**Student:** 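Structure in structure tokens, see below.
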2 protein chains.
Amino acid sequence: MSDLLERLRNRGWRLTAQRRVVAQVLDGDHIHYTADEIHARAVEMLPEISRATVYNTLGELVSLGEVIEVSTDGRAKRYDPNAHHAHQHLVCQSCGTIRDVHPTGDPLASLPDGERYGFTLSGVEVTFRGLCPACAQVQ
Amino acid sequence: MSDLLERLRNRGWRLTAQRRVVAQVLDGDHIHYTADEIHARAVEMLPEISRATVYNTLGELVSLGEVIEVSTDGRAKRYDPNAHHAHQHLVCQSCGTIRDVHPTGDPLASLPDGERYGFTLSGVEVTFRGLCPACAQVQ
DNA sequence: CGTTGACTTAGACAAGGTCTAATGTAGGGT
DNA sequence: ACCCTACATTAGACCTTGTCTAAGTCAACG
């Protein structure tokens with residue numbers, strides 16, 4: 001993750017305590033947190049950090065391509081620090097947990113020319129939905 | 001669409017003017033509207049219909065499996081009445097238009113057992129992203 | 001070590017959606 | 001045909017997520 005900070009500094013980022021903390025939270029577990037969860041964890045390390053800064057920082061990381069924004073439903077967006085490896089997501093419908101998965105084959109290839117309607121395709125997202133083991137037991 | 005209303009009545013739905021209007025809007029064009037767009041169109045036919053009723057009705061249609069809820073980004077959810085035919089979506093990144101598409105193969109099969117982490121899979125969504133012909137010209 | 005422009009802050013604001021308590025009504029029972 | 005009553009609808013308050021603003025702060029260059 002210090003790699004990340006180094007990369008960002010080379011791109012002209014000012015290295016502030018707030019940004020370091022956000023990067024640190026993202027680098028922790030490989031769970032995909034919401035912005036507010038990231039804020040809550042950041043506050044534990046740097047009590048005065050504001051919500052706006054967390055949102056700003058996440059937005060910058062997304063537009064720099066270091067983090068992927070995942071909107072699995074109409075709820076809060078989640079942030080996936082694993083931007084440098086192609087992967088898709090597996091989402092628990094009950095608790096919202098997201099895991100990274102690696103399906104076989106190239107999903108883009110599954111759309112025949114006759115179904116492209118003249119679109120210029122730039123990407124594809126595949127979201128597998130189901131119940132995680134913990135939620136499956138409860139139901 | 002009277003099919004739909006009949007099916008719903010058989011499942012114990014009370015047939016109100018409001019619900020008929022919402023069904024009628026969904027049955028119109030095959031565009032995927034947001035809840036507020038549906039409300040706006042419903043108001044033209046039944047001026048006193050409330051936002052809450054539209055949201056309630058859409059939620060019921062979704063949980064009855066008659067309509068699919070599509071969240072393409074962090075914006076408003078859109079409602080797709082084409083729930084009885086398996087299909088996926090092609091979204092224009094610029095203007096947000098959604099088209100239904102029919103990829104080849106079963107995307108669920110692309111997730112190997114070793115990548116399922118004990119989840120009970122219930123479905124998969126594939127969202128192709130790109131630029132529609134109109135937006136591609138502008139850029 | 002001073003300067004300055006990028007960064008951060010608190011809190012107001014906005015969009016999308018949900019909830020509540022009061023009121024209305026579809027449709028079965030008579 | 002007409003009541004009942006449980007289900008449906010309403011207006012509007014409220015909640016969550018996210019954005020914006022104006023004022024204050026500070027990293028890093030010189």
Side-chain angles (χ1 to χ4, degrees), chain A residues 2 5-25 32-43 45-64 67-80 95-96 98, chain B residues 2 5-25 32-43 45-64 66-79 96:
Chain A
S2 48
L5 292 176
E6 197 55 35
R7 273 202 302 284
L8 294 172
R9 206 149 68 86
N10 291 338
R11 295 207 231 175
W13 248 36
R14 231 185 237 183
L15 227 45
T16 65
Q18 290 84 349
R19 287 172 169 179
R20 257 189 292 260
V21 164
V22 170
Q24 201 176 331
V25 171
H32 301 341
Y33 294 119
T34 64
D36 272 351
E37 287 166 351
I38 292 169
H39 179 236
R41 280 168 178 74
V43 162
M45 297 186 249
L46 186 68
E48 72 273 24
I49 192 171
S50 76
R51 237 162 51 91
T53 295
V54 172
Y55 276 95
N56 287 343
T57 304
L58 290 170
E60 285 154 10
L61 288 170
V62 168
S63 58
L64 288 171
V67 164
I68 293 174
E69 202 173 63
V70 187
S71 314
T72 54
D73 50 10
R75 314 283 302 274
K77 292 174 199 159
R78 290 173 182 270
Y79 293 87
D80 178 353
C95 65
I98 302 181
Chain B
S2 48
L5 292 175
E6 197 55 37
R7 270 204 305 283
L8 293 173
R9 204 149 67 86
N10 291 338
R11 295 206 229 172
W13 245 36
R14 232 182 238 188
L15 227 44
T16 66
Q18 290 82 349
R19 286 172 170 182
R20 257 189 292 261
V21 164
V22 170
Q24 204 176 328
V25 171
H32 302 338
Y33 293 120
T34 64
D36 273 352
E37 286 166 353
I38 292 169
H39 179 236
R41 280 167 179 76
V43 162
M45 298 186 247
L46 186 70
E48 72 273 24
I49 192 171
S50 75
R51 235 163 51 95
T53 295
V54 172
Y55 275 96
N56 287 343
T57 304
L58 289 171
E60 285 154 10
L61 288 170
V62 168
S63 60
L64 288 170
E66 295 288 348
V67 164
I68 293 173
E69 204 172 59
V70 188
S71 315
T72 55
D73 50 10
R75 316 282 303 271
K77 293 174 198 161
R78 292 173 179 273
Y79 293 88

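Residue numbers start from 1 in every chain, and the chains themselves are labelled A, B, ... in the order their sequence lines are given, proteins ahead of strands. Just so we're clear, the structure is a prediction, and the values are computed from it rather than from any experiment.
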**Student:** Does the side chain of B:Tyr33 come within less than 4.5 Å of B:Arg78's, by heavy atoms?
**Tutor:**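 No - every pair of side-chain heavy atoms lies 4.5 Å or more apart.
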**Student:** Which part of the nucleic acid, if any, lies within reach of A:Thr16 when heavy atoms closer than 4.0 Å are counted: base, sugar-phosphate only, or nothing?
**Tutor:**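 Sugar-phosphate: the residue A:Thr16, judged by heavy atoms under 4.0 Å, touches backbone atoms but no base.
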**Student:** Looking only at atom types and distance, does a side-chain atom of A:Arg9 sit under 3.5 Å from a main-chain N or O of A:Leu15, one as donor and one as acceptor?
**Tutor:**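 No; judged by distance alone, with no hydrogens or angles, the pair does not exist.
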**Student:** Side chains of B:Leu8 and B:Leu64: closer than 4.5 Å at any heavy-atom pair?
**Tutor:**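 SC-SC contact between B:Leu8 and B:Leu64 confirmed.
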**Student:** Side chains of B:Val25 and B:Met45: closer than 4.5 Å at any heavy-atom pair?
**Tutor:**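 Of all side-chain heavy-atom pairs linking B:Met45 with B:Val25, at least one is under 4.5 Å.
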**Student:** With rounding to the nearest 0.5 Å, note down the distance linking CD1 in A:Ile38 to CD in A:Gln24.
**Tutor:**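 It comes to 13.0 Å.
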**Student:** Write down the distance between CD (A:Glu60) and P (D:dT19), rounded to a whole number of angstrom.
**Tutor:**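 The distance from CD of A:Glu60 to P of D:dT19 comes to 12 Å, rounded to the nearest Å.
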**Student:** Rounded to the nearest angstrom, tell me the gap between atom CG in A:Leu5 and atom P in D:dA28.
**Tutor:**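 Those two atoms, CG and P, are 11 Å apart.
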**Student:** To the nearest 0.5 Å, what is the distance between OH on B:Tyr79 and CD on B:Glu69?
**Tutor:**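 Rounded to the nearest 0.5 Å, the OH-CD separation comes out at 4.0 Å.
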**Student:** Within this structure, what is the CG-to-C1' distance between B:Leu58 and D:dT9, rounded to whole angstrom?
**Tutor:**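 Nearest whole value for this atom pair: 15 Å.
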**Student:** Report the distance from atom CH2 of B:Trp13 to atom P of D:dC7, rounded to the nearest whole Å.
**Tutor:**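 Taking CH2 of B:Trp13 and P of D:dC7, I get 15 Å after rounding.
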**Student:** I need the CD1-P distance between B:Ile49 and D:dA8, as an integer number of Å.
**Tutor:**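 Nearest whole value for this atom pair: 14 Å.
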**Student:** Could you encode protein contacts along nucleotides 15-25 of chain C as a string, one character per nucleotide from 5' to 3', using B for base contact, S for sugar-phosphate-only contact and - for no contact, with a heavy-atom cut-off of under 4.0 Å?
**Tutor:** -SBBB-----B
**Student:** Return no unless some side-chain N or O of A:Gln18 is found under 4.0 Å from OP1 or OP2 of C:dT9.
**Tutor:**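 So the side-chain polar atoms of A:Gln18 do come within 4.0 Å of the phosphate oxygens OP1 or OP2 of C:dT9, strictly under.
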**Student:** Can you check the A:Glu37 CD to D:dG18 P distance for me, whole Å?
**Tutor:**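 Distance, rounded to whole Å: 11 Å.
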**Student:** Out of curiosity, B:Thr57 OG1 to B:Ile49 CD1, how far, rounded to the nearest 0.5 Å?
**Tutor:**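 Separation between the atoms: 6.5 Å.
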**Student:** Taking for each residue the nucleotide of DNA chain D bearing the nearest heavy atom, is the 5' side occupied by A:Arg9 or by B:Gly12?
**Tutor:**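 Result: B:Gly12.
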**Student:** How large an angle, rounded to 10°, do the end axes of the helix from C:dC1-D:dG30 to C:dT30-D:dA1 enclose when each is built from five base pairs?
**Tutor:**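 About 30° separates the two local helix axes.
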**Student:** Any Lys/Arg nitrogen of A:Arg11 or A:Glu60 sitting under 4.0 Å from an Asp/Glu carboxylate oxygen of the other?
**Tutor:**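 No, no charged N to carboxylate O under 4.0 Å.
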**Student:** Is there a donor-acceptor pair closer than 3.5 Å between any side-chain N or O of A:His39 and the backbone N or O of A:Tyr55?
**Tutor:**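 It does not hold such a pair.
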**Student:** Would you mind reading off the distance between B:His39 atom NE2 and D:dG12 atom P, rounded to a whole angstrom?
**Tutor:**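 Computing the B:His39:NE2 to D:dG12:P distance gives 13 Å.
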